[in-house]
Each structure stands twice: as C-alpha cells, then as structure tokens.
Amino acid sequence: MGALAVGSVVHIAAFAHTDAQRTCKGARVSMGGRGGATLRRAVFTSSDLHCNQAMSTPGRSALLVEGTMRLKAPKRERSSPGGPKLAMISAGLSLPHPSKVATGGEDAFMIHVRKAGGGSIAVADGVGGWNAKGINPANYSRCLVHFARNEILKLTRKEDESKEMINKGLVFMVMKLFKDGLEGKKNSSAKAVMNTAMGRSKVPGSATMVLAQLDQGTGILEVANLGDAGLRVFRNGQVVLATTDQQYEFDMPYQMACREFVDMDYNTPADANAERFKVEDGDWVIAGSDGLFDNMFDKEIAALQQEAALKGSEAGDEYFTAQVVARALAERARRYSNDKLRMVPYATALAAENGQKKGLGSLVNQARAAGGKPDDITVVAARITTVSKNVTKALNGAEMDSRIAAKEMQRIAENSIRENAIRNVPKILPSGTIRVKAGKRV
C-alpha cells in the first residue's frame with residue numbers, strides 16, 4: 001500500500017500508548033509506518049471508536065484503538081484556502097499648492113492596511129472654486145476619505161466575524177452570516193463605499209475622488225473614479241491599467257457634493273467609472289490627484305517609480321520602499337509644476353483645447369499653454385505583495401501609520417461637520433450645475 005494522501009479517511013486497528021487518564025476519542029497521534037502507509041498527525045473523527053485496554057504499565061496504558069482516522073498534513077505543508085493572499089503595502093504624501101501651505105491644501109487621502117491581505121486606498125481633491133464662496137474645499141475632501149475608511153472598516157469587520165464564526169463551527173449563525181454576507185457584498189463595492197462616504201459628509205463643498213480596494217483572495221483590484229483624480233497600475237515599468245478622467249469640458253471635472261448645501265445638479269458615485277483588474281505580486285498601484293497626472297506623463301511616472309523602488313528596496317522593507325516612491329513622485333510633480341517652460345500633460349491638453357477653439361494649433365497658443373500647473377499634489381503608492389512572514393514588519397508599519405493618519409482625519413472631519421451644523425447654511429450656490437474648478441485656463 002502506498003503513502004496515503006492528506007485528507008484520506010482510513011479504518012485502523014493499532015496499539016497506541018497514551019496517558020491513563022487521556023481519552024483517545026478525537027486525540028491527535030503520531031504514528032510510524034504501518035503496513036506500508038505513513039500516518040502522520042492523524043485525527044480520529046469517528047464517534048464509534050473502540051478503545052480496549054490491552055496491557056498496562058505503571059502510569060501508562062497501551063490501548064487497542066479501532067475506528068476511523070482522517071489524516072492531516074504537517075503544519076509546514078498546509079496552505080491557506082484559495083492559495084497565497086495578496087496585500088497592498090501603501091504609503092501616501094500630500095504637498096499643498098505654494099499659496100495653500102498654511103491650510104494644508106485641499107487634497108486628502110486615506111489608506112487601509114490589512115495584515116491578512118487586501119487593503120484599500122483613496123484620494124479626494126476638493127474643488128478649488130468653492131474658495132470664492134468663502135468655503136474651504138479641504139473640509140469636504142477630508143470628510144470623504146474619513147467616512148470611506150470608516151465604511152471599509154465596518155465591512156471588513158463583518159467579514160472577519162463571519163469567517164471566525166464559521167471556523168468555530170457555530171452552525172446556528174451560519175445562515176444569518178450568509179445573509180449578512182450577501183448584503184455586505186452589495187454594499188462593499190468601490191462605488192457603494194464612495195456613496196456612503198458622500199452621504200455622511202455633511203459639509204459644503206464638492207470633490208473628485210478615486211478609490212481602490214483589493215480582494216486578497218482573488219487578487220482583483222476594484223477601482224472607482226469620479227472626475228479627474230486618477231490611478232495607474234504599473235507592471236515591470238509598463239502601464240497595465242489607467243483610469244479615464246471625467247469632465248464636462250476642459251478643466252471642469254465631474255464632482256460629488258453634499259445635497260444639503262447645494263441647490264443644483266451634481267454627480268454621484270453612480271456616475272463614476274468602474275474598473276476590475278487582476279493584479280500580481282510586484283505590481284505598483286499609483287493613485288493621485290490631478291496635481292500628479294497634470295504634471296507628469298505616465299511614462300515619466302513609470303520610470304521614476306522603478307528608480308525610486310530600487311533605491312528604497314536597497315535601504316528598507318516594502319513599506320519604506322512605498323514611502324520612497326510616494327515622496328519621489330510627489331516632489332518630482334511639484335518640481336515640474338513650477339517649471340514655466342515644461343510641456344506637461346496639462347499644458348499639452350490646454351494647447352489642444354486652444355487649437356480646437358481657435359481652429360488652429362498656432363505657436364502663440366502653444367506658448368501660452370507651456371509650463372507646469374501649480375496645484376495640490378497627492379500621491380499614494382502601493383506595492384502588491386504576497387502575504388508572508390517576510391512582509392509582516394512592513395505590513396505592521398503601514399497599518400500603524402495609517403491608523404495614526406486616520407485619527408487625525410477623523411478629528412478634522414468631526415470638527416468640520418460640527419462647525420457647519422452650527423452655521424446651518426441652507427443652500428450655498430444658485431440653481432444650475434456644478435461646474436467650478438480652479439485651474440490655469442487662459
């Protein structure tokens with residue numbers, strides 16, 4: 001008889017030494033080769049085990065054990081269901097517009113790290129046109145990312161509780177958990193999370209937003225973007241996924257707003273673009289506000305990401321590397337934004353817009369369009385990695401920092417809501433459609 005496979009159920013009759021007071025039913029034993037079969041880490045699962053005492057020695061007994069036994073693999077050979085899990089090890093950085101340093105700019109981002117795998121990131125860009133109404137656009141974008149993270153925490157907590165109950169074998173709760181799980185699946189999409197965040201952000205303002213979340217088991221990255229906040233996935237220096245900007249017209253992006261403070265049409269997450277993409281270990285996810293993508297072409301981002309990742313990996317773990325990549329991209333984008341002669345993506349788009357309006361792409365229009373676009377610049381860099389002991393330190397560091405940042409964002413969001421509740425401003429803007437955006441239009 002050859003070696004038995006893991007999970008095999010066999011009938012045995014063998015002597016096994018055990019303490020006199022220990023029951024053999026359900027006991028885990030290690031046995032040598034018997035009849036050509038290797039029985040390791042066997043677990044008795046039958047309720048009809050027969051244990052007959054055959055002989056005794058002081059303090060110990062030899063029992064004749066008969067029954068059914070299911071074999072388990074040694075711990076080192078076991079693998080998690082569905083194969084290896086993927087996680088996003090993420091870091092972010094926000095650099096405000098030079099004129100908005102005192103207020104911290106109008107962008108906001110959030111990171112949710114899961115040590116068991118998966119994870120989420122989001123970037124929101126407060127629409128600068130609200131400054132003319134005496135409203136700080138940062139309040140709305142910060143509320144959005146705060147409530148988005150809160151919703152993701154609630155959903156993942158329910159998911160973890162369901163798995164724990166099933167693992168414990170609490171059968172009576174399985175049906176309820178299954179029903180809750182179906183409801184949770186409906187509410188856990190990227191668009192649904194954005195919609196919940198919009199509904200809870202009770203402050204005046206509007207914002208563009210991009211949100212991505214990774215399913216640790218399937219490796220599917222789900223992305224939703226509204227407006228011109230964007231996301232790219234890079235694999236070996238090549239763009240394999242890029243979101244598409246949504247605009248009414250040039251420099252007037254789609255944006256969501258709090259209905260209690262506006263008397264006009266506005267977008268909702270239902271209008272957002274949605275993408276589902278299978279990522280792999282080693283991929284890089286780069287999310288950012290338009291301050292990044294208006295000032296750097298994708299090929300420039302890809303080249304700098306690879307360069308920074310190499311430097312970071314030589315000096316630290318995956319989390320340190322993500323921090324190096326995020327900082328390198330944000331600082332390079334800021335440098336380009338202040339370069340008055342550089343043809344950045346925004347300048348190229350402006351030149352095309354001028355050419356379409358004038359009927360020609362004249363040198364005059366090209367000259368007027370040249371130069372970077374000063375703006376708030378926010379970057380979140382996330383490395384896709386397989387969950388293992390080797391990345392535990394990196395995941396712990398990323399999780400701890402993301403919690404600290406979330407606490408500060410919570411304080412800001414709660415203060416903003418409290419302040420505007422006291423003001424009780426009924427409606428801020430006149431009827432119409434939200435089409436405001438501080439830009440470099442000429």
Minimum side-chain heavy-atom gap [X]-[Y] below 4.5 Å:
X      : Y      : answer
Thr103 : Pro96  : no
Gln247 : Met252 : no
Met194 : Met256 : yes
Val285 : Ile384 : yes
Asn139 : Asn136 : yes
Val379 : Ile286 : yes
Met198 : Pro269 : yes
Ser141 : Val145 : no

Looking only at heavy atoms, which two atoms of [X] and [Y] are closest? And how far apart?
X      : Y      : value
Gly372 : Val344 : CA-CG2, 3.8 Å
Ala197 : Ser201 : O-OG, 2.7 Å
Ala87  : Gly117 : CB-CA, 3.8 Å
Gly227 : Thr208 : CA-CG2, 4.0 Å
Val193 : Gln213 : CG2-OE1, 4.3 Å
Val203 : Cys258 : O-CB, 3.4 Å

Next item on the list: Start with the C-alpha gap between Trp284 and Thr321, add the side-chain angles, then the distance that decides, and say whether side chain to side chain contact (heavy atoms under 4.5 Å, CB included) holds.
Entry: CA-CA 11 Å; Trp284 279 89; Thr321 302; 3.8 Å; yes

Determine yes or no for a side-chain-to-main-chain donor-acceptor pair under 3.5 angstrom, with [X] supplying the side chain and [Y] the backbone.
X      : Y      : value
Asn225 : Thr244 : yes
Lys373 : Gly291 : no
Glu280 : Gly219 : no
Glu222 : Ala190 : yes
Asn338 : Arg334 : yes

Check: Is the shortest distance from a Lys or Arg side-chain nitrogen in Arg383 or Asp283 to a carboxylate oxygen in the other one below 4.0 Å?
Finding: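 Result for this pair is no, no salt bridge flagged.
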
Check: Are Lys154 and Glu151 close enough for a salt bridge, meaning some N to O gap below 4.0 Å?
Finding: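 Here Lys154 pairs with Glu151 in a salt bridge, since their nearest N and O are under 4.0 Å apart.
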
Between [X] and [Y]: side-chain donor-acceptor atoms closer than 3.5 Å:
X      : Y      : result
Ser337 : Asn295 : no
Tyr319 : Asp401 : yes
Asp271 : Gln246 : no
Tyr248 : Asn267 : yes

With rounding to the nearest 0.5 angstrom, report the [atom1] to [atom2] distance, [X] to [Y].
X      : Y      : atom1 : atom2 : result
Thr243 : Leu231 : OG1   : CG    : 6.0 Å
Leu292 : Leu95  : CG    : CG    : 10.5 Å
Tyr254 : Tyr266 : OH    : OH    : 16.0 Å
Leu153 : Arg403 : CG    : CZ    : 8.5 Å
Ile89  : Ser402 : CD1   : OG    : 12.0 Å
Gln305 : Leu310 : CD    : CG    : 10.5 Å

Checklist line | Test log, rule salt bridge (Lys or Arg N to Asp or Glu O under 4.0 Å), inputs Glu314 and Lys311 | finding: CA-CA 5 Å; Glu314 292 173 348; Lys311 291 180 180 178; over 6 Å; no

Note to self: Applying the ring pair (Phe, Tyr, Trp, His ring centres under 6.0 Å) criterion to Tyr346, which one of Phe250, Phe293, Phe297 satisfies it?
What the structure shows: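 Of all the options given, the one that passes is Phe250.
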
Name every donor-acceptor pair, under 3.5 Å, that has one atom in a side chain of residues 105-113 and the other anywhere in the protein, sequence neighbours excluded.
| from | atom 1 | to | atom 2 | distance (Å) |
| --- | --- | --- | --- | --- |
| Glu106 | OE1 | Lys100 | NZ | 3.1 |
| Glu106 | OE2 | Lys100 | NZ | 3.2 |
| Glu106 | OE2 | Asn131 | ND2 | 2.8 |
| Asp107 | OD2 | Ser289 | OG | 2.8 |
| Asp107 | OD2 | Thr378 | OG1 | 2.9 |

Margin query: Determine whether Phe147 and Ile417 satisfy the following criterion, side chain to side chain contact (heavy atoms under 4.5 Å, CB included), listing intermediate values before the conclusion.
Written below: CA-CA 12 Å; Phe147 287 113; Ile417 292 174; 3.6 Å; yes

Next item on the list: Inspect the surroundings of CZ in Arg327 and state if more than 12 heavy atoms from other residues, nucleotides or ligands are less than 6.0 Å away.
Entry: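 No, because the 6.0 Å sphere around CZ of Arg327 holds 12 heavy atoms or fewer from other groups.
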
Next item on the list: List in chain and number order the residues that pass salt bridge (charged side-chain N to carboxylate O under 4.0 Å, His left out) with Lys115, two or more places apart in sequence or in another chain; answer none if no residue qualifies.
Entry: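 In terms of salt bridge (charged side-chain N to carboxylate O under 4.0 Å, His left out), with neighbours along the sequence ignored, Lys115 is linked to Glu399.
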
Checklist line | Which residues share a salt bridge (charged side-chain N to carboxylate O under 4.0 Å, His left out) with Asp298, sequence neighbours left out | finding: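 Here the qualifying residues are Arg232.
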
Next item on the list: State which residue, out of Ile121, Asp125, Val123, fulfils the side chain to side chain contact (heavy atoms under 4.5 Å, CB included) condition with Val210.
Entry: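 It is Val123, the one option of Ile121, Asp125, Val123 that forms the side chain to side chain contact (heavy atoms under 4.5 Å, CB included) with Val210.
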
Note to self: Let's go through Leu86 and Leu214 carefully: what are the C-alpha distance in whole Å and the side-chain angles of both, what is the deciding distance for side chain to side chain contact (heavy atoms under 4.5 Å, CB included) to 0.1 Å, and is it a yes or a no?
What the structure shows: CA-CA 8 Å; Leu86 295 178; Leu214 174 65; 4.1 Å; yes

Next item on the list: Walk me through it: do Gln410 and Arg149 pass the test side chain to side chain contact (heavy atoms under 4.5 Å, CB included)?
Entry: CA-CA 10 Å; Gln410 177 182 0; Arg149 191 176 191 275; over 6 Å; no

